[in-house]
Amino acid sequence: MATMTYLQAISDGMREEMRRDERVFVMGEDIGAFGGAFKVTDGFLDEFGADRVMDTPLAESAIIGTACGAAYVGLRPICEMQFADFISCGFDQLVNVAGKMHYRQGLPTNITVRLPSGGGFSGGPFHSSNPEAWFMHAPGLKVVAPSTAEDAKGLLIAAVRDPNPVVFMEHKHLYRRVKGEVPAGTYETPLTARIAREGSDLTVIAYGAMVHTALEATADLDGASVEVLDLRSLVPLDEEAILASVRRTSKVLIVDEANQMCAAGAQVAAVIAEHAFEHLDGPVRRVATPDVPIAFSPPLEQALLPGVDRIKEAARELLDY
Amino acid sequence: MALETAGPLAGTDPAAHGPGHLTPGDRAGLLRSMLLMRSVEERAMNLYRQGKVPGSFYDGFGQEAVSVGAAWALAATDRLCILHRDLGAHLVRGVPPARILGQYMGRDGGITRGRDGNVHFGDHTRGCVGMVSMLPDMMLVATGMAMGFKLRHQDRVALTFFGDGSTSRGDFHEALNWASVQRLPVIFVLENNQYAYSTPLAAQFVVDPIARADAYGMPGVRVDGNDAEEVFEAVHAARERALVGAGPTLIEAVTMRMHGHAAHDDMKYVPPAQLEEWRAKDPIDRQAARVARDGVDVDALREEVRALVDAATQEALAMPMPDPATAHHGAFHDPADGEVVLADGGEAPWSGFAAAGGAG
Ligand SMILES: Cc1ncc(C[n+]2csc(CCOP(=O)(O)OP(=O)(O)O)c2C)c(N)n1
């Protein structure tokens, strides 16, 4: 065990897996000598060389498309998008080539696509987004979104080893803010939900950065016992864990940092409505980002992103219901 | 070899091409594969008219020399992304015609087991990745396979086809640029068949794509796309170049789409004179004349192919439809089923590989 930041844990997962498996390599813009826009691959070039720490042209469609090709001939590429937002330029290759190949042709696409996502530091409309729901809606893609350092490493390794394309949502705001004990060596975190805090009066369901916001917002709600469920994986979605928690608490609040419309939380709400209706003692509530781009100026951005106060307010209303 | 960079169409006199790298057996083999492609597609069109092929039907009538000639130059260890006018490449790799007809009819015995239609398939056991409809996405996939070969220091190449219309999309640029920056062993075969659906070349680009090869730092080679031997020689040369680490080649095979974009298209936008002009350059007639001069009984060859396609049709018609209960299976690969990557099982019929004692 060593204490690491979320960012160091992602690096550590990649480094360990690259040492263990010569088929694994990383590719992306400015990831070599510069070490990546967020320095996740800092030092990799020295250890693994330019072939396996591949600086690419500024071409997201090509990053995903060539990664697919490399996977089909037996390699295991990890693609870094400089920011999650730029995956829109690689969307077609991810959704149509990687996502649909196995169903059509029986040929798996073993790629991992790392998306530095999320807002909170004036990234503005093109450097703050949370596009995970686009990929949840696309058949054939797995989507994971760790909230802790330990899970960041374990899910990264699980993604690389998974024969299917995995979209790895790494929240930029957690990179250096979140620290934790991380096991040495390689291990896989299962693509299932995790109870971040047990409770009996209310369940708050979240993933990524919102797990921390939810924990903070519900740490002291006049003595209420609030469970926080960290989804960790969005595809597959751990419906059993969601339903089990709702059955225990009978009240549920779902938090998304993504834009509200058709977000991951909307799917979670649908699962609950369909399978746990009789267990509910109140309406399913959601807190998410309104359906506008993420604004640049701090007061505007803070007004959009779900914060501690909005979560507290919604939680109190539900507890009083 | 009648290869020219950004030059006019090469001449059509077969004698001008010399013996090149092809034996009489290869020349007959090229003809046989083209006959097989035409015959399978004609049969599929009949099945379509009988209502047995769902959706629409797309063929490569008149373009047989491109896919057959190109695939003929590849080793079993090479990898392909085959496009929708290129059935001949699947046949050269050895995909059984019955499975192709089953594919068109959405049968369980088709390559995609009814999951996808038309020529949207690739037999991964024969080193082929099934195309996606989005054009020309496969240029990047082929580039990535070549990148894999280079990273692993393997003497192999990847090849893909694409059309004139496809050159307008960004992936065309991204693939040529990337392949050139990394000097990858990839061969891009641009199939210029004069139209993209109904859109003529003049509405697609101002600068001919082959003239742009130079700007990407790679050779641009224009060949007569109705001459299988010329296509073969160009791909063979590009492959040799790729194998010595000299990087990618862009080949433009100039041809004509002699049928509509798909079965529903009456081609009223194509001037009849243009069709007449190209009918006289039919790639199968041309190869048949050569092969006949070599003393091969072409009629017997046609008969053999017809019998083969008759049998394949019966076999395909006997294939069951897929079980609807399996419709929701298979979006993901189960690791318990083992690792699946492209395999070397494709046929590589060129005599030169046998002479070299293997798959080249
Ligand atoms: C990106 C994209 N847009 C539209 C289509 C629909 N479409 C299918 S084939 C075709 C024409 C393609 O022309 P070209 O690339 O010249 O190939 P050809 O069919 O002539 O062989 C079009 C527009 C498509 N497949 N992909």
Notebook entry, point to check: In terms of heavy-atom pairs under 4.5 Å, which option from Met145(B), Glu339(B), Arg113(B) contacts chain A the most?
Noted result: Met145(B)
Notebook entry, point to check: Run the side-chain contact (heavy atoms from CB on, under 4.5 Å) check on Tyr72(A) and Arg79(B) step by step: do they pass?
Noted result: CA-CA 10 Å; Tyr72(A) 299 142; Arg79(B) 298 290 178 254; over 6 Å; no
Next item on the list: Please state whether the side chain, the backbone, both or neither of Leu58(A) comes within less than 4.5 Å of a heavy atom of chain B.
Entry: neither
Next item on the list: Among Asp162(A), Ile63(A), Thr109(A), single out the residue with the greatest number of heavy-atom pairs under 4.5 Å to chain B.
Entry: Ile63(A)
Check: Is there side-chain contact between Asp92(A) and Arg169(B), with at least one heavy-atom pair below 4.5 Å?
Finding: yes
Next item on the list: Give a yes or no on whether His137(A) atom NE2 has more than 12 heavy-atom contacts from other residues, nucleotides or ligands under 6.0 Å away.
Entry: no
Checklist line | Under 4.5 Å from any heavy atom of chain A - which part of His173(B) | finding: neither
Next item on the list: Return the option, out of Pro139(A), Gly74(A), Cys68(A), with the maximum number of heavy-atom pairs under 4.5 Å with chain B.
Entry: Gly74(A)
Next item on the list: Any chance you could measure Arg104(A), atom CZ, to Ile111(B), atom CD1, to the nearest 0.5 Å?
Entry: 12.5 Å
Notebook entry, point to check: Can you find a heavy atom in the side chain of Leu107(A) that is under 4.5 Å from one in the side chain of Val129(B)?
Noted result: yes
Next item on the list: For the pair Arg115(B) (side chain) and His102(A) (backbone), establish whether a donor and an acceptor sit closer than 3.5 Å, ignoring hydrogens and angles.
Entry: no
Check: Take atom CZ in Arg156(B); do more than 12 heavy atoms of anything else shown fall under 6.0 Å from it?
Finding: yes
Notebook entry, point to check: Based on non-hydrogen pairs under 4.5 Å, which of Met101(A), Lys100(A), Arg52(A) is most in contact with chain B?
Noted result: Met101(A)
Item checked: Heavy-atom contact with chain A under 4.5 Å, split by part of Gln154(B) -> neither
Check: Relative to chain A, which of Thr143(B), Asp171(B), Asp334(B) shows the most heavy atom pairs under 4.5 Å?
Finding: Asp171(B)
Note to self: Does any part of the side chain of Leu140(B), heavy atoms only, come nearer than 4.5 Å to the side chain of Val97(A), both counted from C-beta?
What the structure shows: no
Checklist line | Nearest non-hydrogen partners of Ala59(A) and Glu174(B), listed with the distance | finding: CB-OE1, 3.3 Å
Notebook entry, point to check: Of the backbone (N, CA, C, O) and the side chain (C-beta and beyond), which part of Val235(A) lies under 4.5 Å from a heavy atom of chain B, both, or neither?
Noted result: side chain
Next item on the list: Determine, step by step, whether Leu75(A) and Val341(B) satisfy the side-chain contact (heavy atoms from CB on, under 4.5 Å) criterion, reporting the C-alpha distance in whole Å, the side-chain angles of both residues, the deciding distance to 0.1 Å, and the verdict.
Entry: CA-CA 9 Å; Leu75(A) 294 172; Val341(B) 295; over 6 Å; no
Next item on the list: For the pair Asn164(A) (side chain) and His333(B) (backbone), establish whether a donor and an acceptor sit closer than 3.5 Å, ignoring hydrogens and angles.
Entry: yes
Checklist line | Considering all heavy atoms, the nearest Trp178(B)-Ala62(A) contact | finding: CE3-CB, 3.3 Å
Note to self: Does Phe205(B) have more than 12 heavy atoms from other residues, nucleotides or ligands lying within 6.0 Å of its CZ?
What the structure shows: yes
Notebook entry, point to check: Quick one: of Ala142(B), Ala331(B), Gly148(B), Ala179(B), who has the most non-hydrogen atom pairs under 4.5 Å with chain A?
Noted result: Ala331(B)
Next item on the list: State, with a plain yes or no, whether a side-chain heavy atom of Met147(B) is found less than 4.5 Å away from one of Phe25(A).
Entry: yes
Next item on the list: Could you list all the ring pair (Phe, Tyr, Trp, His ring centres under 6.0 Å) pairs where at least one residue sits in residues 32-53 of chain A, not counting sequence neighbours?
Entry: Phe38(A)-Phe83(A), Phe38(A)-Tyr175(A), Phe44(A)-Phe48(A)
Checklist line | Other residues, nucleotides, ligands: >12 heavy atoms within 6.0 Å of Asp214(B) CG | finding: no
Check: Can you check side-chain contact (heavy atoms from CB on, under 4.5 Å) on Val141(B) and Gln93(A), steps first, answer last?
Finding: CA-CA 9 Å; Val141(B) 175; Gln93(A) 290 283 341; 4.1 Å; yes
Next item on the list: Specify the closest pair of heavy atoms between Gly106(A) and Val340(B), including all atoms of both residues, with the distance to one decimal.
Entry: O-CG1, 3.8 Å
Checklist line | Partner chain A: residue of Asp137(B), Val132(B), Asp123(B) with the largest heavy-atom pair count (under 4.5 Å) | finding: Asp137(B)
Next item on the list: Under the salt bridge (charged side-chain N to carboxylate O under 4.0 Å, His left out) rule, what do Arg152(B) and Asp51(A) come out as? Steps first, then yes or no, please.
Entry: CA-CA 10 Å; Arg152(B) 300 189 118 182; Asp51(A) 274 1; over 6 Å; no
Notebook entry, point to check: Which bit of Met139(B) is near chain A, if near means a heavy-atom gap under 4.5 Å: side chain, backbone, both or neither?
Noted result: neither
